Amino acid sequence: MTDQEPLDVAKLQRRLAEFAAARDWQQYHTPKNLVAALSVEASELVEIFQWLTPEESARVMADSDTARRVTDEVADVLSYLLQLCEVLDVDPLAALDAKIERNEKRFPPS
């Protein structure tokens, strides 16, 4: 993929599916396994921030090594979430849109 091609969720999901298929990994991509992997990757992201003060956490991207770790873990979390959505036939953007709409009704502005 070139830097000039626009990224979208469907393209990224296809790339992830093709990556897994080329390695015969689909057999392991059950909802249970994907949720477990998602949890592990989210925990690895939490670990980066675990003992930081609020001020330190706000500056985490200022250090290039830490910024790379954060970016990698965000990518891992998103990767497993998109793969889970693919396996379960959930449109992640539609799910988010519907959830925001419900929250807007549940929590009106004051």
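Computed from a predicted model, the values in this text were never measured in an experiment.
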If you look at every heavy atom in C85 and Q13, which pair is closest and at what distance?
CB-NE2, 3.8 Å
For D91, check side-chain hydrogen bond (donor to acceptor under 3.5 Å, both in side chains) against everything at least two apart and list the hits.
none
Taking the six-membered ring of F19, is the NZ or CZ of R23 close enough (under 6.0 Å from the centre) and on axis enough (within 45°)?
yes
Distance, nearest 0.5 Å, that separates CG of N33 from CG of L38
12.5 Å
Sequence neighbours excluded, the answer for side-chain contact (heavy atoms from CB on, under 4.5 Å) partners of S57 is F49, L52
Return the minimal non-hydrogen interatomic distance between E73 and I48, and the atom names on each side.
CG-CD1, 4.0 Å
Path from V40 to V46 over hydrophobic side-chain contacts below 4.5 Å
no
hydrophobic_cluster_shared for L84 and V90, side chain cutoff 4.5 Å:
yes
Between E55 and R59, does any side-chain N to carboxylate O distance fall below 4.0 Å?
no
Does L45 reach the side chain of V74, with side-chain heavy atoms less than 4.5 Å apart?
yes
Pairing donors with acceptors under 3.5 angstrom, does anything connect the side chains of S79 and Q83?
yes
L88, L81: one ILVMFWY side-chain cluster at the under-4.5 Å cut-off?
yes
Distance in Å, L78 CG paired with E41 CD, rounded so as to fall on 0.5 Å steps
11.5 Å
Where the side chain of S39 meets the backbone of V35, is there a donor-acceptor pair that is under 3.5 Å apart?
no
Before giving the answer on side-chain contact (heavy atoms from CB on, under 4.5 Å), spell out for E44 and V77 the whole-Å C-alpha distance, their side-chain angles and the decisive distance to 0.1 Å.
CA-CA 9 Å; E44 290 178 4; V77 168; over 6 Å; no
Taken to the nearest 0.5 Å, the spacing of I100 CD1 from K105 NZ works out to 13.0 Å
Using a strict cut-off of less than 4.0 Å between a Lys/Arg side-chain nitrogen and an Asp/Glu carboxylate oxygen, indicate whether R69 and D65 qualify as a salt bridge.
no
side-chain contact (heavy atoms from CB on, under 4.5 Å) for L16 and E86? Distances and angles first, verdict last.
CA-CA 10 Å; L16 288 166; E86 180 75 15; over 6 Å; no
What are the two closest non-hydrogen atoms of V60 and V70, and how far apart are they?
CG2-CG2, 4.2 Å
How close do A20 and Q26 get, counting heavy atoms only, and between which atoms?
O-OE1, 3.8 Å
So, do P92 and V9 sit near enough that their side-chain heavy atoms are less than 4.5 Å apart?
yes
